[in-house]
*Asks:* 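Take a look at this one; I'll ask things after.
Just so you know, these numbers use all the heavy atoms, side chains as well, and skip hydrogens, waters and symmetry mates. Sequence lines set the chain letters: A, B, ... in the order given, protein chains first and strands last, and positions in each chain run from 1. Bear in mind the structure is a predicted one, so any value in this text is a computation, not a measurement.
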Amino acid sequence: MLAAIGVDSLAEIFERQIPEGVRLGRALELPAGKGEQEVYEHLRSLAARNVSVEDQTSFLGAGMYDHYVPALIDMLMERSEFLTPYTPYQPEISQGGLQVMFEYQTAISELTGLPVSNASVYEGPSAVAAAGYMAKLHNGGTRIVVSAGLHPHSIQTLRTTAHGYEMEVVEVGLRDGVTDVEAWREACAVEGTSAAVFAQPNFYGAVEDAAALAEAARGGATGASGASGASGAGPAPVVICQVDPITLGVLRAPGECGVDVAVGEGQPLGNRLDFGGPSFGLFAAREEYMRRMPGRIAGETVDADGRRGFVLTLQTREQHIRREKATSNICTAQALNALGGVVYLAWLGRRGIVELGELLLARTHYARETLAALPGVEKLHEQPVVREFALRLDADVAAVRARCVAQGLNPGADLEALTHRVEDRGGLLVALTERRSRADIDRLAEVLGSAVAAEREHEVVGSGV
Amino acid sequence: MLAAIGVDSLAEIFERQIPEGVRLGRALELPAGKGEQEVYEHLRSLAARNVSVEDQTSFLGAGMYDHYVPALIDMLMERSEFLTPYTPYQPEISQGGLQVMFEYQTAISELTGLPVSNASVYEGPSAVAAAGYMAKLHNGGTRIVVSAGLHPHSIQTLRTTAHGYEMEVVEVGLRDGVTDVEAWREACAVEGTSAAVFAQPNFYGAVEDAAALAEAARGGATGASGASGASGAGPAPVVICQVDPITLGVLRAPGECGVDVAVGEGQPLGNRLDFGGPSFGLFAAREEYMRRMPGRIAGETVDADGRRGFVLTLQTREQHIRREKATSNICTAQALNALGGVVYLAWLGRRGIVELGELLLARTHYARETLAALPGVEKLHEQPVVREFALRLDADVAAVRARCVAQGLNPGADLEALTHRVEDRGGLLVALTERRSRADIDRLAEVLGSAVAAEREHEVVGSGV
Amino acid sequence: MSAVVAAETPQQRQRARTIFQKGAPGRRAFVCPEIDVPAVDAGELLPERFRRAEPPRLPEVSEPEIVRHYVGISKRNFDLDSGFYPLGSCTMKHNPRLHERAAALPGHARLHPLQDVGGAQGALELMWRLQGALGEISGLPHVSLQPSAGSHGELAGVLLTRAYHEDRGQRRHKVLTPDTAHGTNPATVTMAGLEVVKVATNADGGVDVEDLRAKADEDVACLMLTNPNTLGLFDPNIEQIADIVHAVGATLYYDGANLNAVMGLSRPGDMGFDIVHFNLHKSFTQPHGGGGPGSGPIAVSERIAPYLPLPIVTRVASGNGSGAGFELVEQAAEGPGSKSIGRLRGFHGNYGCFVRAYAYICSLGADGLKDASESAVLNANYLLAKLREAPIAEHLPAAYGELCMHEFVLSGGPMKRNLQIKTLDLAKRLLDFGFHPPTVYFPLLVEEALMVEPTETETRETLDAFAEAIAGILVEAAEDPEIALGAPYSTPVRRLDEVAAAKRPVIRETLG
Amino acid sequence: MSAVVAAETPQQRQRARTIFQKGAPGRRAFVCPEIDVPAVDAGELLPERFRRAEPPRLPEVSEPEIVRHYVGISKRNFDLDSGFYPLGSCTMKHNPRLHERAAALPGHARLHPLQDVGGAQGALELMWRLQGALGEISGLPHVSLQPSAGSHGELAGVLLTRAYHEDRGQRRHKVLTPDTAHGTNPATVTMAGLEVVKVATNADGGVDVEDLRAKADEDVACLMLTNPNTLGLFDPNIEQIADIVHAVGATLYYDGANLNAVMGLSRPGDMGFDIVHFNLHKSFTQPHGGGGPGSGPIAVSERIAPYLPLPIVTRVASGNGSGAGFELVEQAAEGPGSKSIGRLRGFHGNYGCFVRAYAYICSLGADGLKDASESAVLNANYLLAKLREAPIAEHLPAAYGELCMHEFVLSGGPMKRNLQIKTLDLAKRLLDFGFHPPTVYFPLLVEEALMVEPTETETRETLDAFAEAIAGILVEAAEDPEIALGAPYSTPVRRLDEVAAAKRPVIRETLG
Ligand SMILES: Cc1ncc(COP(=O)(O)O)c(C=O)c1O
Ligand SMILES: Cc1ncc(COP(=O)(O)O)c(C=O)c1O
């Protein structure tokens, strides 16, 4: 090969191209390479030092949930044909991936009740940030109003990126676990408000009155965001809702509640936990946002012989065409994870998603009532919940959690550790999935009950009484 | 659908066909069906009650070995295209499977040094039985001479089936761990001897002098079995060798040693342990046996346009064509497992199989010397070994094993429990693979050493001295 | 523009090259762990005379090459996940992926067969439960999971029969089989040292009871029967048949390949059978793997039980009283296996298949199994009805009966005469339509037979599409039989010369 | 006979039908666990006004239908495991299956991101080791694994630059990028509230140093550079460029998409860069998944470290002295992240990709990574040399230079003029030969660009075959350009009308 190239040595190729001053004159300080078997053993030994949801009955949620992922999803996601190609730049040999995107868009559109879905963005919180940017492009506003019920990671991500695209992020507090509608209405009425963002269910598990929030964001005006806001001055803010897709079999669709843009973490839909990623972010909107959406969008068309086919479309939004004028910088996204999502939705099916929602409602209600009946444990709010709820413990949460974990049971997330809000002190966020049976809940009640009791006693003793 | 069929109910279809007297008038006494998640959890809880080679450092072998199976084999074996079709009855749409068979046959032929390989039979011991039947078809003899060095399961399987096809099985004993050549020669010289079967390496790990055994089986005559036996009377017996394929990178190929038929357990070649199956049996022979081989054979041909293609061939041997005159009754065999085998051999490659053999030789030697140096432990024989060796413990093997297992280490198989031979009392069969490192061996020495010491002490105490 | 399109499909253009024709010297995938023990003289490790002089000429290829090669050739296979596969007698039902996941769990997949019983309780419990379920489904309580496939189960069964008679001091020589029997039945009989005696089939496709009566004498060891038989017909005289056979002291063997028709509806044990084999890869949906692995457990009646192959799994009260435990019985003093015929293979059978079959039984449960059989029979009858419509029926009449069980057989005789195309041509033309053809030319007694088994996991849409394709081919053949005669066209290769292959067999690659 | 062969390939005959067009009411795959808790009034569980009135119209399909559907459409994809994929800038190198196996281990795949630190030590150690390895490979010691892909890493990088300047009381407005930059660079700059200023490319394909000098002023926040750049050229003036940029107090951002050229050979940190992103899905062989997931960690210099996004993983002496432990730093009082720009997403980044990238680094080690880059460059130069042979070179000359790094760019300008076929036509015709075409029409400054990146995992045979196919297409076009203009012919669909798709977008299925 060197002869064909016309060089005497491999070194020559580099010497002729890389200036000596920036050539690395030494070996990288990394361990020597290993065979497959040894690398596998090493990775397995690392895995063995993690406590997975197979090893522990876990009520952790707070954005990612331990749903059962059917085996056929693994099989499909591992098929070379889906696993190893890249973005379908050559549609004639990428009809599989493109059709998956088209189906995914259809499923997300159905789920959210919004006509336009892209083919996914990175994940939940960055989807919120992307929606904020889209609002700016849409109406040129400078403020984003967010409910304190949004996932703290979403709020933080929005703040980070909004600092870049130069928007102010204004937080509206909660009242009995849900967004304070009056404060929200006021905040949204301030001139320059570009977007109003809330979560459904919110971070504390509470079902928000989405329709009321959407209406209030527009200053009481119904209808979509084209209508002008209450202040009369600027346009009404874009109403953005972060959804948990698994709840949309039982909860009213965002599109039916006057929401303009629905975003959300796609992990609950057939994606594994993976310590937080990769998963996918869903992103759907009303028609008028179509040409400002971030990310890939597959569209239907025909080939030279009139056969149905699919292509990436509306590419003039995208960075590879529009460069600095693009509506987003996203390139590599989450196609494989979105495949998992649409296959999961097909697997659940039209009835299954409702049944699953009903199961979660019932078990969550049971769990909440059972736990709230424990001494030293109370509900953090009285709002309806679907699959997750917040409690307040009359004991140190970290200590209580540690006691539960020692019993092989993870009781849920420490709220304050996530939100850093003092009012969340003592908060425990408990999530349910179809994998947590009544027996698991009863066991949680037992373990949590005695952990709280022990801690309260301990504290009493500790306080010297 | 019922209307199209012309019946009023589903029940009618059955009532009109199944006599009432044999209709099951009740539900089966089986648990109610369950969803995927619940079944998975149940199967997982059963799996959790098994101690796998991931959970325990194991020196078990004795026919199946804990080799590392590269990830690409799983991927290929799980591809729908290989996993879900059946026997390639329609070659035009089965070229993938047929080519795999053809490649497999080539690889096994290379490995064994024999020109003809079928596409696999069930597994090791039944392959031995199948070879015995082929010998009978070949020469009409009535006796099968087997070395006591054959795997006990092979001997037992041969006995079971030979009872059917009416042949006598005569066992020849060992001398210092290998087949007693003189006794073997004599046994083979008896008239009516149809086949002579030995294992390489044998069940005790010892390398047999295969060439000498082949020669002796023919009464000293070299060359293939066409030559007449020593007794002068009948034809020479068919020389059958059960091989461990993983050793054939370093051991002389059966074909080079005058063996007529090589059979063996294919599991070491890229097949998982699966508590003993499924795996595959390899079966290769000299040219003259081609039309009496059991099982499927793929052959090369051309299509209507002259393109290279593959078909099942020599089918006049088979049950679906020849029925009671077939050379075997095998139908569904082990195609998928054989795929694993040939992919593994391609993965190892021409050099790899030798390197792996050398690694096994070196580690096995080290392990044997290290262990035999322990007090109360000695070699069961002095023959060369490749990847497995037998020790004799001066203590109760079951008790010693139990002590080791309690330390999370499985020291190997209890010989006597497998062979039921009193002379094997105290025997321990220790197997190595590339997954057992020197550190593992050293640990084994430590654990086994103290277990033996403890047992000897215990026995001494127990015996009241 | 179409001149541009090569007459070959993309797959046809990819000429077959084996892995041995790829790669280059020195390429490799495997990285051998380093030798971590002290160096020892090669001769001491293994004397020269035992050493291989030249390495086997295995491929020299990198991992990417291996992946591309096998992924590439996999695409030259048709498979059940890609389309309808109504291969009669083979029960090509959907293979749930859960089973692969469960079987791959390290606790199952990486369990050594000689693991101490205490370290294999999950596996033994699974086997024990599977034994129980198969016993209940068949109505024959004693189960050995050992046989590796259906025909292996048959061998076990005939050897059991032999042992049973021999134990009674009888050496019976004959095994009766109907002429509709699958080839493995007679082949097995011969291998087990017995002789096949054929029983005629009556006009309705069942056993000719009179012929049976005539042949059933004291030298008959056994009658091997498939019920429903390979024509897809449930023998209405089964009770009478059983009586005749039992009357002469012979046993009844049930070839369980067609069990998918009767699960939860009718049981071989209740029909009078003594021995049954199951094809776990058929009724219990073990993926067929391109021709295995399979698994062929057997279930037997009380009188046969003592001869069962060992090991079998039993449940025992655990020594320390901490509940039940499971044991592998390798030698039995009494009861099942106490006069065992011995082993039929190494270790305990195809455990990986047991995991899948057990998962299947757990998923379906009692109702689900019955439902599966009912749906299989419904689908078969529906497809049969569709194929009775014009223009199909006149060319491809059903061989027997009005209704069928889980499969049915058509005769291509009229088609051959009317349209000048044979069953083989029809089958090959079906390939161009993306369907796997039915089993062809079996059973032997039907002229130009086509044996169709749709299974319960197919949709009505698929059955309709298949019927439409058949009709289309017949219409096409009426216009121009050459089309079918030259088919297939769109497959990776076209019709292959099987005669040449058998005449001058090339069964391995020639290496340089 | 060929009249019989439909002009369509088998795949073309399979018309596209979505999953929404399959199934039937009532069909399903999912079996919902039973509600095992006491029944409660529906209104109490969830008041009516919050309840969805109509279920979403998701598909109603059985498991077998789902499997067939998606297996079927998967076959309408070309993929890396099936053939050569020299998509420039995308580093389509072989994806070892070990990585999938390792990532699927429950300890990795089923680990909840909020698992207590004590129950995630393996994951944290892996992340820590990966941070270290990426720091060493880039020569920039402080690493955040958080960004989800390359462009997300770019966003992080530009925000870091902003934070750095702001912390110094400066609001700089401009980011310089060469006109060869990937589209994500300028798009990112805008999203981060800065302005793109283009720097010209010199005659050799590198940065025009004079133009850079002219534009580098105190309002410049950063220069974003890819090196080797998207022409596959290593900028010989890189040291000078770095000096110019640093002289005005701006930062240097290294787009790491082309890192595959220089691993172990040259380090961005040593070149003077302050910030680099890695595309784990490129250089570190995370499978591309049809367009993700990816992962875009960033590494930065000391001066940028305080602004890093959090969390990052650190190693701490464990409380009880039992050796080291690993922690997730969510808030830093000092050092890296102490003035953090904040989060860029939920949780800790794409951990599943970290597992794969880390496995890759372990497999290759120091030497292997260097070897990979060397082989990538060797393969690219070999292919470039092959494409310089007749008859290719006159139609498809290399855009710049004699040698290249891991990729190179050809210009289809002469081809367009000589043969009347455009780069697009060449690309489409390549599809008929079973190759994925190179990246086309990028970089923008090369007329009719073709950007070819073979990667190190391709064999010489493949490179030869590709060159041969290109030559064949050119020869064919000289005879009859219509062939290429009408290509492809053998793909599941033929050339698609993208203009119509964009004009009247149909981006979801219409449901009944
Ligand atoms: C009726 C019948 N009997 C027996 C068998 C043999 O079963 P196996 O292939 O599992 O050996 C088959 C399978 O093809 C069959 O269809
Ligand atoms: C040169 C270059 N920069 C940046 C990117 C963006 O990376 P990603 O797709 O991971 O966001 C790419 C990838 O396509 C690229 O090729």
*Asks:* Go through the side-chain N and O atoms of Q115(D) and N50(A) and say whether any donor and acceptor fall under 3.5 Å apart.
*Replies:* no
*Asks:* Could you walk me through whether Y40(A) and S363(D) pass side-chain hydrogen bond (donor to acceptor under 3.5 Å, both in side chains), step by step?
*Replies:* CA-CA 9 Å; Y40(A) 175 70; S363(D) 297; over 6 Å; no
*Asks:* Could you tell me which portion of T313(A) (side chain, backbone, both or neither) has an atom closer than 4.5 angstrom to a non-hydrogen atom of chain D?
*Replies:* side chain
*Asks:* Any salt bridge linking R28(D) with E355(A)? Criterion: basic side-chain nitrogen under 4.0 Å from a carboxylate oxygen.
*Replies:* yes
*Asks:* So does E92(A) pair up with R494(D), basic N to acidic O under 4.0 Å?
*Replies:* no
*Asks:* Salt bridge or not for D274(A) and R110(D), using N-O below 4.0 Å?
*Replies:* no
*Asks:* Please classify the contact between L111(A) and chain D as side chain, backbone, both or neither, with a heavy-atom cut-off of under 4.5 Å.
*Replies:*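 Both parts, backbone and side chain.
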*Asks:* Please determine whether a side-chain nitrogen of the Lys or Arg among E110(A) and R52(D) lies less than 4.0 Å from a carboxylate oxygen of the Asp or Glu.
*Replies:*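 R52(D) and E110(A): not salt-bridged.
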*Asks:* Taking the six-membered ring for Trp, are F275(A) and H108(D) closer than 6.0 Å centroid to centroid?
*Replies:*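 That pair fails the under 6.0 Å test.
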*Asks:* Could you go step by step and tell me if F82(A) and D79(D) meet the side-chain contact (heavy atoms from CB on, under 4.5 Å) rule?
*Replies:* CA-CA 8 Å; F82(A) 287 132; D79(D) 68 289; over 6 Å; no
*Asks:* Does a salt bridge link E358(A) with R51(D), judged by any charged N lying under 4.0 Å from a carboxylate O?
*Replies:*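 Counted as a salt bridge, because a side-chain N and a carboxylate O are separated by less than 4.0 Å.
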*Asks:* For a salt bridge (charged side-chain N to carboxylate O under 4.0 Å, His left out) check, start with the C-alpha distance between R363(A) and D36(D), then their side-chain angles and the critical distance, and finish with the verdict.
*Replies:* CA-CA 8 Å; R363(A) 285 195 181 156; D36(D) 51 2; 3.0 Å; yes
*Asks:* Does a donor on one side chain sit under 3.5 Å from an acceptor on the other, for T190(D) and Y133(A)?
*Replies:* no
*Asks:* Measure R401(A) against the heavy atoms of chain D and call it side chain, backbone, both or neither at under 4.5 Å.
*Replies:* side chain
*Asks:* Among side-chain atoms of H112(D) and Q56(A), is any donor-acceptor pair under 3.5 angstrom?
*Replies:* no
*Asks:* Heavy-atom cut-off 4.5 Å, strictly under: side chain, backbone, both or neither for E136(D) against chain A?
*Replies:*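 Both parts, backbone and side chain.
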*Asks:* Could you give me the CA-CA distance, side-chain angles and deciding distance for K75(D) and E81(A), then say whether salt bridge (charged side-chain N to carboxylate O under 4.0 Å, His left out) is met?
*Replies:* CA-CA 7 Å; K75(D) 297 188 191 198; E81(A) 289 84 343; over 6 Å; no
*Asks:* Is L344(D) in contact with chain A via its backbone, its side chain, both, or neither, using a 4.5 Å heavy-atom distance?
*Replies:*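 Both parts, heavy atoms under 4.5 Å.
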*Asks:* Given that the side chain runs from C-beta out, which part of Y86(A) has a heavy atom under 4.5 Å from chain D: side chain, backbone, both or neither?
*Replies:*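 Both backbone and side chain of Y86(A) come within 4.5 Å of chain D.
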*Asks:* Less than 4.5 Å to any heavy atom of chain A: does that hold for the side chain of P47(D), its backbone, both, or neither?
*Replies:* side chain
*Asks:* Ignoring hydrogens and angles, state whether a donor on the side chain of R79(A) or S74(D) is under 3.5 Å from an acceptor on the partner side chain.
*Replies:* yes
*Asks:* Is it the side chain or the backbone of L83(A) that comes within 4.5 Å of chain D heavy atoms, both, or neither?
*Replies:*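 Contact with chain D: backbone and side chain both.
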*Asks:* In terms of side-chain heavy atoms, does Q156(A) have a donor or acceptor partner in R343(D) at a distance below 3.5 Å?
*Replies:*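 A pair is found: one side chain offers a donor N or O, the other an acceptor, under 3.5 Å apart.
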*Asks:* Quick one: what part of Q121(D) sits under 4.5 Å from any heavy atom of chain A, side chain, backbone, both or neither?
*Replies:* both
*Asks:* So what's closer than 4.5 Å to chain A heavy atoms on F50(D): side chain, backbone, both or neither?
*Replies:*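 The answer is both parts of F50(D).
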*Asks:* So Q90(A) and K428(D), do their side chains get closer than 4.5 Å, heavy atoms only?
*Replies:* yes
*Asks:* Could you go step by step and tell me if L43(A) and R101(D) meet the side-chain contact (heavy atoms from CB on, under 4.5 Å) rule?
*Replies:* CA-CA 10 Å; L43(A) 275 285; R101(D) 173 184 281 182; over 6 Å; no
*Asks:* Between R508(D) and E300(A), is there a side-chain N and carboxylate O pair less than 4.0 Å apart?
*Replies:* no
*Asks:* Tell me, side chain or backbone of V158(D) under 4.5 Å from chain A's heavy atoms, or both, or neither?
*Replies:*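 It is neither, since no heavy atom gets under 4.5 Å.
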